[in-house]
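Read through the structure below, which is laid out as structure tokens, and then see the notes.
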Amino acid sequence: MLNLITNQQMRMADAYTCENLKIPSVDLMEKAAIAFVKAFISYCNPEREVYIIVGKGNNGGDGLAIARLLHQTGFKNIKVYILEKFNSESNDFVINYERLKQTEVPILHCTALNDLPPTFDVAIDAILGSGFNRELDLFFTSIFKHINTNSNFIVSVDVPSGCNVDSFNYNSYNGIRAQLTISFQRPKFFFTLPESQMVTEDFEVVDIGLSQEYIQSITSEYLWVDKEAAKSLLPRRKKFTHKGTYGHVLVCAGSPHMRGASLLCAKAVLKTGAGLITLLTNSDFFPFVNVLAPELMTKNINQFKDINLEKFSSIAIGPGLGTDEKAKELVHYFLRQNTPLVLDADALNVLQLEDFPKNPHESLIITPHVNEFDRLFGQHESWYERLQTAKKSAEKLKIIIVLKNQYTYICTPNGKVFINSTGNPAMAQGGMGDALTGCIAALLARGLNPQEAAILGCFIHGYTGDKLAQHYEVVSPSLLIDNLPKSLLDISKVE
Ligand SMILES: NC(=O)C1=CN([C@@H]2O[C@H](COP(=O)(O)OP(=O)(O)OC[C@H]3O[C@@H](n4cnc5c(N)ncnc54)[C@H](O)[C@@H]3O)[C@@H](O)[C@H]2O)[C@H](O)CC1
Ligand SMILES: [K+]
């Protein structure tokens, strides 16, 4: 898991790295520029006109180093514009200014808006970075507006200029609006909130060689789940194991109008590697289940109280369950048992906040999307507020709340928020949540604790979607489910 850190902490990591790893700050800037360029060239053809607009702090210094390196890489149409409204220049800016002057890259000076070109093909924004620390004056806001309105493609260095990622003001943003931000060392927590779309449509993170040891020693409430973290959670299949080793999942799902949801969920359980799966549904559906997914066993949903729960390692309830009295009774019944439980969709729709057990057994996971979450926990004005509610509620109710989002938040009873790094818009299709519920329930059955199952379930689900999105414009839940075993294998092989 990677700690996500604030601007202030990033500065400390910067200072620590220079001092303890004996890397001069200008060399760190060079590393940052090299890493930026490596990422940038995959988005931009070297024939395009690239305008690099720089301030005079270290973000500007990065911009100057980037200009020199892009020139060396073969970019022919580069121009650098230095904004002159800064009180002082950073040392590393000055060093890179001298270095850039040794090249043929044109350097122009901008003291007023009309010193800038009327349009930009590609604009690299290296004006203000994490040092942005006060109100923007008219000079900056008019320049930002001009770049925002007249560029084909804006790429920001580290952070869009004028955006304070640690205390974002949602109501009056007047900084750069980038298509892409290439940030240094760690994702910015703010970019995981949907509101960050007004600041940058996408982001990428590059390693610039800051001390990982130092960054990981900082206490952070936000943790980024990457592939390595996922691998560390995936239990290895050992010799002499059998279906009993991998647990038995009970899937309670599928009202007459939504049979498909129950199959998607149960098939996701199957493909995430649980040993045995029983689908608890209406008996008239049994023959279809046998044909469509012969691995599944079935039980009659009307007799749910007769089930011997000792046989089951986990239960998934909700996909297409319906919201009638029978569904409600079933959800309440299973909520009072001790078997690890994942509640999704209609299982959440039939609950009120006060229905959650007063003495939680700490193995309850709920997986709401935004509407399900707000219905249960109240309306929220922003995603930041919603996340704070999720965080507090997970602590208070002692449950895991998987708040689904482009970057899904997994809030745990100990106040941590794990942020899932995988998933993409090609996966936006009904049934995708049913698959996620199945993934998590299967991992619970395979012996992971609820926190681990939620983290790995979200990761593997999104990872599969990401792999498929490289080949398909839309990724259906069925396609995703079929590919889960391949993703599990992939992840188990991370070096
Ligand atoms: N993360 C790292 O370890 C590294 C980061 N690098 C880059 O450095 C910037 C941060 O640089 P810094 O010099 O601290 O600040 P800025 O360049 O963002 O700002 C410079 C300058 O601007 C002044 N200023 C701030 N706000 C305003 C304003 N509203 N109006 C006018 N002027 C303003 C401020 O006083 C400063 O003087 C980071 O983002 C990375 O891009 C390193 O290169 C590599 C290591
Ligand atoms: K910037």
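Whatever order the structure lists ligands and atoms in, that order sets their numbers, starting from 1. Along the sequence shown, residues are numbered consecutively beginning with 1.
Under a 4.0 Å criterion applied to the non-hydrogen atoms of M10, ligand 1 contributes the atoms 1 (N). Atoms of ligand 1 found under 4.0 Å from any heavy atom of M29, numbered from 1 in the order shown, are 43 (O). Atoms of ligand 1 lying under 4.0 Å from any heavy atom of D158, numbered from 1 in the order shown and given with element: 38 (C), 39 (O), 40 (C), 41 (O). Shown in contact with R11 at under 4.0 Å from a heavy atom are these atoms of ligand 1, numbered in order with element: 14 (O). The contact set between ligand 1 and L210, taken as ligand atoms under 4.0 Å from a residue heavy atom, comprises 3 (O).
The six-membered or imidazole ring of Y407 lies away from that of F189, with a centre-to-centre distance of 6.0 Å or more.
Using a 30° and 60° split on the angle between ring planes, F144 and F140 fall in the tilted class, from 30° to 60°.
Nearest protein neighbour of atom 41 (O) of ligand 1, counting heavy atoms only, is D62 OD2, 2.5 Å. Atom 25 (C) of ligand 1 has N133 OD1, 3.0 Å as its closest protein atom, hydrogens excluded (heavy atom only).
Residue T181: no N/O/S atom is found under 3.4 Å from the K ion (ligand 2). Here G55 does not reach the K ion (ligand 2): none of its N/O/S atoms is less than 3.4 Å from the metal. Among the backbone and side-chain atoms of D158, no N/O/S atom is found under 3.4 Å from the K ion (ligand 2). Residue S156: no N/O/S atom is found under 3.4 Å from the K ion (ligand 2). Backbone or side-chain N, O or S atoms of V159 reach the K ion (ligand 2) at under 3.4 Å.
Distance remark: protein heavy atom present below 4.0 angstrom from atom 28 (C) of ligand 1.
Rounding to 10°, one obtains 110° for the angle at the K ion (ligand 2) between OD1 (D125) and O (L128). Expressed to the nearest 10°, the angle at the K ion (ligand 2) joining OD1 in N59 with O in V157 is 80°.
Residue contact check for ligand 1: L136 places a non-hydrogen atom closer than 4.0 Å to it. Ligand 1 does not have K85 within reach: every non-hydrogen atom of the residue lies 4.0 Å or more from it.
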